[in-house]
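To keep things clear, I will list the structure first and then write my remarks on it.
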Amino acid sequence: MRKKIVAGNWKMNLDYNEGLGVFSEIINMVKDEVTGTQEAVICSPFIHLHSLVQLAKGYTKVSLGAQNAHQAESGAYTGETSAKMIKSIGAAYVILGHSERRQYFGETNELLAKKIDTVLANDLRPIFCIGETLQEREANQHFDIIKSQLVEGVFHLDAAHFSKLVIAYEPVWAIGTGVTASSEQAQEIHAFIRKEIVAKYSQEVADNTTILYGGSCNPKNAPELFAQPDIDGGLIGGASLKSRDFVDIVKVFN
Ligand code: PGA
């Protein structure tokens, strides 16, 4: 059965010492709380990543991830970080396609398809983010947008590679706004995503795909969201910067 995952996305927050402090608190609190097929993941800035991997040694249910990777294997790309480098320090995940990368860094589905390939080739698991803007939802285009993000971003993969993905549905209007999608709105899209995976691959692949919800998720609203049949956890921004809140969200599955 598919994994339940609560993943934190620290974005560009916390300096090195602050990050180590928050992560140490998280480790201390979650070590007895993450059970069964569940996993807690923190996606930190690159600066913190190696140290956090070291701190997490021995905790098999706690993993680390990056928030981006370059599409090339290596080369003259000043300022960039490769999937191979991320793999080499022992991180397990890479967030790709976050709406902030799409919006501020011009990342398109076409570029993301290349990044997905490179990340998978380096044996890392992409957390692939998709979601519609408020304008698109109001124009009733949300299903079309989600479908094109899947088709253009990841549906070129064969089933074996697709099975390494985690999908995160993050309505852009809910990110960092304090406005959460209702559990019905989120479930409706998650069920749609799973149905598209059935159509492209198979029922078995779809049943094994972890689909996270992201966007103003917090300890208060997580229980109702995570109780939906197609919501397998969350991608947590703001609330992952506070160890207590993040751990309370992790514990929703207990
Ligand atoms: P938020 O961010 O929880 O602060 O809304 C979620 C995300 O961007 O992944």
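Just so it is clear, the values below take in all heavy atoms, side chains as well, and ignore hydrogens, waters and symmetry mates. Please read these numbers as outputs of a predicted model, since none were measured by experiment. As the structure lists them, so they are numbered: ligands from 1, and atoms in each ligand from 1.
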Smallest separation among heavy atoms of Gly153 and Phe128, with atom names | CA-CZ, 4.0 Å
Less than 3.5 Å between some nitrogen or oxygen of Glu170 and one of ligand 1, yes or no?
-> yes
Is the backbone N or O of Glu132 less than 3.5 Å from a side-chain atom of Arg137, with the two atoms forming a donor-acceptor pair by type?
-> no
Can you list the atoms of ligand 1 that are under 4.0 Å from a heavy atom of Leu235?
-> 6 (C), 9 (O)
Does some non-hydrogen atom of Gly214 fall short of 4.0 Å from ligand 1?
-> no
The side chain to side chain donor-acceptor pair (under 3.5 Å) partners of Thr133 (sequence neighbours excluded) come to Glu136
Between Arg101 and Glu107, is the closest basic N to carboxylate O distance under 4.0 Å?
-> yes
Quick one: does Gly238 get an N or O within less than 3.5 Å of an N or O on ligand 1?
-> yes
Does NZ in Lys87 sit with more than 12 non-hydrogen atoms of other residues, nucleotides or ligands closer than 6.0 Å?
-> yes
Would you confirm whether Gln149, through its side chain, and Gly131, through its main-chain N or O, come within 3.5 Å as a donor-acceptor pair?
-> yes
Report yes if Thr177 has an N/O atom closer than 3.5 Å to an N/O atom of ligand 1; otherwise report no.
-> no
Relative to ligand 1, is Asn9 under 4.0 angstrom through side chain, backbone, both or neither, heavy atoms considered?
-> side chain
Hey, which atoms in ligand 1 end up nearer than 4.0 Å to a heavy atom of Gly215?
-> 5 (O)
What are the atoms of ligand 1, with element, lying closer than 4.0 Å to any heavy atom of His98?
-> 7 (C), 8 (O), 9 (O)
Residues forming a side chain to side chain contact (heavy atoms under 4.5 Å, CB included) with Thr180, sequence neighbours excluded = Tyr213, Ser216, Asn221, Leu225
Among Gly176, Gly237, Ala239, which one has a heavy atom closest to atom 5 (O) of ligand 1?
-> Gly176
Side chain, backbone, both or neither: which part of Ala174 comes within less than 4.0 Å of ligand 1 when only heavy atoms are counted?
-> backbone
Pair Arg244 + Glu25, salt bridge at N-O below 4.0 Å = no
Within 4.0 Å of some non-hydrogen atom of Lys11, the atoms of ligand 1 are 2 (O), 7 (C), 8 (O)
